[in-house]
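As structure tokens, the structure follows; a few thoughts come after it.
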Amino acid sequence: MTTSRQVGIVGVGLMGHGIANSLLRAGHEVSFLEHPGNQPVDDLMAAGATPLRSGREVAQKAEVVILCVTGSPQVEAVLFEPNGVLEGLKAGSVVVDCSTALPSSTETVAARVVAAGGRFMDAAMTRTPKEAEEGRLNLIVGAPTALFDETLPLLQGFAENIAHAGDVGAGHTLKLLHNFVSLGFSAVLAEATAASRKAGISDSALLEVLGAGGGGGVVLERLRPYIVDHDPSGFKFTVANATKDLGYYHAMTNELGVERGVAEAVHALYTSIDDTTAAVPEVIGVLEKRT
């Protein structure tokens with residue numbers, strides 16, 4: 001039986017709400033930071049979660065603080081701003097950063113958490129809010145082996161597949177690689193769909209051939225509802241987030257000094273989309289209008 005732990009969550013948005021719900025179901029004591037960006041939290045409170053007014057209060061109450069915010073600037077703000085998490089962090093407490101962040105920032109953040117007496121791991125997420133609510137996220141973890149082993153039972157409360165990528169920063173590095181591949185495939189499939197329709201090919205024929213051949217896979221299945229029924233709900237990831245993550249990928253590959261020509265083309269496509277609130281599948285519709 002999993003030992004109950006005191007968990008604080010900063011960022012109860014689409015993904016963080018599911019994490020909170022899953023941890024409550026697993027028997028953990030959950031508190032969270034009140035914030036206008038949260039999803040409705042009545043269900044969390046009914047299940048026993050406690051709202052708190054500052055990051056400091058969240059850290060004072062928790063053994064483990066989970067961050068589920070947009071990116072590196074937000075991570076740094078919630079940790080280091082006045083009345084933030086670092087001010088309330090107890091000795092030996094663990095900060096788990098589930099955000100998508102720039103690895104070089106992650107290493108700096110981790111050093112400051114350790115200097116304050118805490119411990120740090122990055123645990124970047126893949127999958128969607130649906131799997132978050134079901135407790136079936138994928139996690140890519142960067143942490144010392146001992147900390148990973150210690151924290152694994154807690155992570156299993158909201159994740160199905162958990163990969164230990166290496167030491168601190170490796171989780172965020174591998175997440176950016178994953179998102180580049182996923183968003184790159186999406187861009188290729190969006191252009192192919194727009195070209196197919198311009199050529200008069202039926203969507204059913206396109207999907208049949210791609211699905212049975214080199215285009216088959218998770219990304220095609222996420223785009224399929226939009227191609228068939230103009231339903232973007234299969235891939236609830238906005239153009240704004242895509243552009244942000246690809247920007248992080250550019251910064252990371254620049255620091256590594258590696259080739260990124262394909263990534264530049266993919267980034268250019270997403271940055272050309274005016275409606276940054278559009279979901280990734282809706283890029284197909286935008287490209288159709290350009291043909």
Side-chain angles (χ1 to χ4, degrees), residues 7-26 28 30-45 47 49 51 55 58 62 64-79 85 94-102 106 109 121-142 151 154-163 165 171-172 174-176 178-179 182-183 186 218-219 222 232-246 248 276-281:
V7 183
I9 301 179
V10 178
V12 187
L14 288 171
M15 302 296 274
H17 185 279
I19 291 173
N21 243 335
S22 298
L23 290 173
L24 286 164
R25 288 195 305 271
H28 299 287
V30 174
S31 57
F32 63 90
L33 177 64
E34 293 180 324
H35 191 276
N38 287 348
Q39 291 291 296
V41 294
D42 290 349
D43 59 336
L44 301 181
M45 293 170 64
V58 171
V64 179
V65 179
I66 295 175
L67 309 180
C68 193
V69 295
T70 304
S72 292
Q74 292 77 20
V75 169
E76 294 173 11
V78 299
L79 284 172
V85 167
V94 181
V95 174
V96 181
D97 183 8
C98 290
S99 310
T100 300
L102 187 62
T106 298
V109 164
M121 63 193 304
D122 42 305
M125 305 173 290
T126 67
R127 290 188 164 172
T128 72
K130 176 179 180 291
E131 285 87 17
E133 291 289 345
E134 295 169 349
R136 297 178 50 248
L137 287 173
N138 293 340
L139 293 182
I140 311 167
V141 179
T151 313
L154 176 71
L155 301 180
Q156 289 171 330
F158 63 92
E160 181 177 35
N161 301 303
I162 303 170
H172 282 155
L174 192 49
K175 171 63 182 295
L176 293 180
H178 170 277
N179 279 20
S182 176
L183 293 168
S186 298
V218 171
V219 176
R222 287 184 176 175
S233 63
F235 199 168
K236 288 184 177 179
F237 197 76
T238 66
V239 169
N241 278 331
T243 304
K244 181 263 296 181
D245 287 3
L246 289 166
Y248 283 171
T276 59
T277 65
V280 166

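Counting from 1, the numbers follow the sequence of the chain as shown.
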Given side-chain contact (heavy atoms from CB on, under 4.5 Å), test Leu23 with Ile66 step by step and report yes or no. CA-CA 11 Å; Leu23 290 173; Ile66 295 175; 3.8 Å; yes

Output for pair (Phe235 CZ, Leu183 CG), nearest 0.5 Å, gives 5.5 Å

Heavy-atom nearest pair, Ala26 first then Gly157, reads CB-CA, 4.3 Å

Note: Ala165 and Ile140 closest approach over all heavy atoms is CB-CG2, 4.0 Å

Closest non-hydrogen contact found for Gly71 with Lys244 is CA-NZ, 4.5 Å

In this structure, CD1 of Ile19 is separated from CG of Leu24 (nearest 0.5 Å) by 12.0 Å

Side chain to side chain donor-acceptor pair (under 3.5 Å) filter on Ser99, not counting sequence neighbours, yields Asp97

By side chain to side chain donor-acceptor pair (under 3.5 Å), Thr243 pairs with (sequence neighbours left out) none

Tightest non-hydrogen contact, residues Leu176 and Asp245, listed as CD2-O, 3.9 Å

Checking the side chain of Tyr248 only, and the main-chain atoms of Ser72 only, is there a donor and an acceptor separated by less than 3.5 Å?
yes

| request: Evaluate the side-chain proximity of Thr70 to Asn241: yes if any heavy-atom separation is below 4.5 Å, no if none is. | output: yes

Run Leu67 and Leu79 through side-chain contact (heavy atoms from CB on, under 4.5 Å) and show every step you take. CA-CA 9 Å; Leu67 309 180; Leu79 284 172; 4.0 Å; yes

Ala20 meets the side chain to side chain contact (heavy atoms under 4.5 Å, CB included) criterion, sequence neighbours left out, with Ile9, Val30, Leu44

Separation between CG (Leu155) and CG (Leu139), nearest 0.5 Å, reads 6.0 Å

Practice item. Before giving the answer on side-chain contact (heavy atoms from CB on, under 4.5 Å), spell out for Thr128 and Arg222 the whole-Å C-alpha distance, their side-chain angles and the decisive distance to 0.1 Å. Key: CA-CA 10 Å; Thr128 72; Arg222 287 184 176 175; 4.0 Å; yes

I'd like to know if the side chain of Asp122 and the backbone of His172 have a donor-acceptor N/O pair within less than 3.5 Å. yes

With a cut-off of 3.5 Å and sequence neighbours excluded, list every side-chain donor-acceptor pair involving residues 35-42.
residue : atom : partner : partner atom : Å
His35   : ND1  : Gly37   : N            : 2.8
Asn38   : OD1  : Val12   : N            : 3.1
Asn38   : ND2  : Leu33   : O            : 3.0

Here the salt bridge (charged side-chain N to carboxylate O under 4.0 Å, His left out) pairs for residues 123-132, sequence neighbours left out, are Arg127-Glu160, Lys130-Glu134

Indicate yes or no for a side-chain donor-acceptor contact from Lys236 to the backbone of Ala279 under 3.5 Å, with no hydrogens or angles considered.
no

Note to self: Set out, in order, the CA-CA distance, both residues' side-chain angles and the distance that settles side-chain contact (heavy atoms from CB on, under 4.5 Å) for Met15 and Leu137, then state yes or no.
What the structure shows: CA-CA 9 Å; Met15 302 296 274; Leu137 287 173; 3.5 Å; yes

Residue pairs passing the side chain to side chain donor-acceptor pair (under 3.5 Å) test with at least one member in residues 8-26, sequence neighbours excluded, are His17-Asp43, His17-Glu133, Asn21-Asp43, Asn21-Glu133, Ser22-Arg25

Heavy-atom nearest pair, Val69 first then Gln74, reads CG2-CB, 3.7 Å

Here the pair of heavy atoms bringing Ala159 nearest to Ile162 is CB-CG1, 3.8 Å

Result for side chain to side chain contact (heavy atoms under 4.5 Å, CB included) between Ser182 and one of Val280, Val218, Val219 points to Val219

To the nearest 0.5 Å, atom CG of Asn179 lies from atom CG of Leu174 at 10.0 Å

